[in-house]
2 protein chains.
Amino acid sequence: MARAGLTTERLTRAGAELADEVGFDRVTLSALARRFDVQVASLYAHVRNSGDLRTRIALLALDELAVRAADALAGRAGRDALAALGGVYRDYAREHPGRWAAAQVRLDPATAAASAGRRHAELTRAILRGYDLPEPDQTHAVRLLGSVFNGYVNLELGGSFDHSAPDTAQTWPRVLDALDALLRHWPAS
Amino acid sequence: MARAGLTTERLTRAGAELADEVGFDRVTLSALARRFDVQVASLYAHVRNSGDLRTRIALLALDELAVRAADALAGRAGRDALAALGGVYRDYAREHPGRWAAAQVRLDPATAAASAGRRHAELTRAILRGYDLPEPDQTHAVRLLGSVFNGYVNLELGGSFDHSAPDTAQTWPRVLDALDALLRHWPAS
DNA sequence: TGCGTTTGCCTAAAGGTTTTAGGCAAATTA
DNA sequence: TAATTTGCCTAAAACCTTTAGGCAAACGCA
């Protein structure tokens, strides 16, 4: 009987594709087994359980995002850099809605520490070099930028902006203008 | 045989409590039936299916949030109003994590239109009366504020801010300062 | 090349969730 | 009190998760 050539890596990758196709909450070991034409129980040799698969997909997504972000930020500063980083999140979420959903799951502390999470924070912090913020405020600004990008992408993707004019193609650049202005004139404590 | 006195209303309310206790994604008709000491099939007389229940919980959460927001905003303007609205979302998410998660689900257009979603947008827009923005930018600002509040609450609740100092008790007021400053000095197109 | 060991995928089985169909009895109304 | 509605029931099929134990393919080494 020929072997299917399963590995944790391949399962994770296929799980991510499945998530993009049918939604992250519908990623199931059954569906994955079907995709490899294999018995469900066989997957348990490569993945601890279905939760384990989900966190692996989440880590994959966080990593892919960090790679794209690093790439997009190279050689950019100021508003350009804001547009680049925000654009990475926005485009990724549109291209890979399932992976994006995966990237939103809460990870336990140990897993989170080993994730690309910190890299995201550092990439965001790199943008601040183009502005002039004192140290405690840099962290606050990193968190604010993360909140805006994350929130905007989720609301836009969730359709929250669909019921009012103008459409988000108009709003997005103005949000970037606003963030740029805010960082240039950051209020003192 | 005594009746349990099920109604759609009671099921929705109990489902919301269950969500807060065990997490929104673990709200199941089985668990709900157990809670009422009733057979699962009995629930189908009051709720179309498990997705229907989830949607109802989402609508309940959006409504409760809108009520709290309207209450908190009464008589406030400027930074005070920003703090009040943001505080409502933040506190609600902490008190009712399951309901908050429910409020994030994507609703189909018809359901969304009948939800408290528009009220949220209008309450946010009311805050802008304390500032001075031309019309197209008001919508952009509403979306920006929604993004920040939504994103901040989700990241904070998801533990994304746990791995860096200072803690979010320091960051939150500075974020409000920043938003206040931004709205007072909104950049021109 | 052949032998032993590891590893990959299998069958079997138990337990939980979702949903539909059809039935009896309690509550409501006339 | 009789007729009707309504509430909750049993039964059953379909799907997902997880564990246990087994056989055969692939690999490592003499």
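Proteins come first, then strands; the chains are lettered A, B, ... in the order of their sequence lines, and each starts at number 1.
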Colleague: Do the side-chain N or O atoms of B:His46 get closer than 4.0 angstrom to the phosphate oxygens (OP1, OP2) of D:dT6?
Modeller: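 False: B:His46 side-chain N/O out of range (4.0 Å or more) of D:dT6 OP1/OP2.
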
Colleague: Whole angstrom is fine here: how far is it from CZ in B:Arg54 over to P in C:dT18?
Modeller: 8 Å

Colleague: Can you tell me if B:Arg118 has over 12 outside heavy atoms packed within less than 6.0 Å of its CZ?
Modeller: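 Counting other residues, nucleotides and ligands, CZ of B:Arg118 stays at 12 neighbours or fewer.
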
Colleague: Is B:Arg143 positioned over the aromatic face of A:Phe161, cation under 6.0 angstrom from the ring centre and no more than 45 degrees off axis?
Modeller: yes

Colleague: Name every residue in residues 9-20 of chain B that has at least one heavy atom under 4.0 Å from any atom of DNA chain C, in order of residue number, or write none if there are no such residues.
Modeller: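 Under 4.0 Å from DNA chain C: no residue of residues 9-20 of chain B.
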
Colleague: Check this for me: B:Arg94, atom CZ, are more than 12 non-hydrogen atoms of other residues, nucleotides or ligands nearer than 6.0 Å?
Modeller: yes

Colleague: Tell me which residues in residues 25-42 of chain A lie within less than 4.0 Å of DNA chain D, going by non-hydrogen atoms.
Modeller: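 The answer is A:Thr28, A:Leu29, A:Ser30, A:Arg34, A:Val40, A:Ala41.
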
Colleague: Rounding to an integer number of Å, can you tell me how far B:Asn49 CG sits from C:dT19 P?
Modeller: 5 Å

Colleague: If I take atom CG in residue B:Leu53 and atom P in nucleotide C:dT19, what distance separates them, rounded to the nearest angstrom?
Modeller: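 That distance rounds to 10 Å.
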
Colleague: To the nearest angstrom, how far is B:Leu6 atom CG from C:dA27 atom P?
Modeller: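 Rounded to whole Å, this separation is 14 Å.
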
Colleague: Please name all residues satisfying side chain to side chain donor-acceptor pair (under 3.5 Å) with B:Arg184, sequence neighbours left out, ordered by chain then number.
Modeller: B:Asp180

Colleague: Just how far, in rounded Å, is C1' of D:dG7 from CG of B:Leu43?
Modeller: 12 Å

Colleague: Could you pull out the closest heavy-atom pair between A:Val142 and A:Ala121, with the gap in Å?
Modeller: CG1-O, 4.1 Å

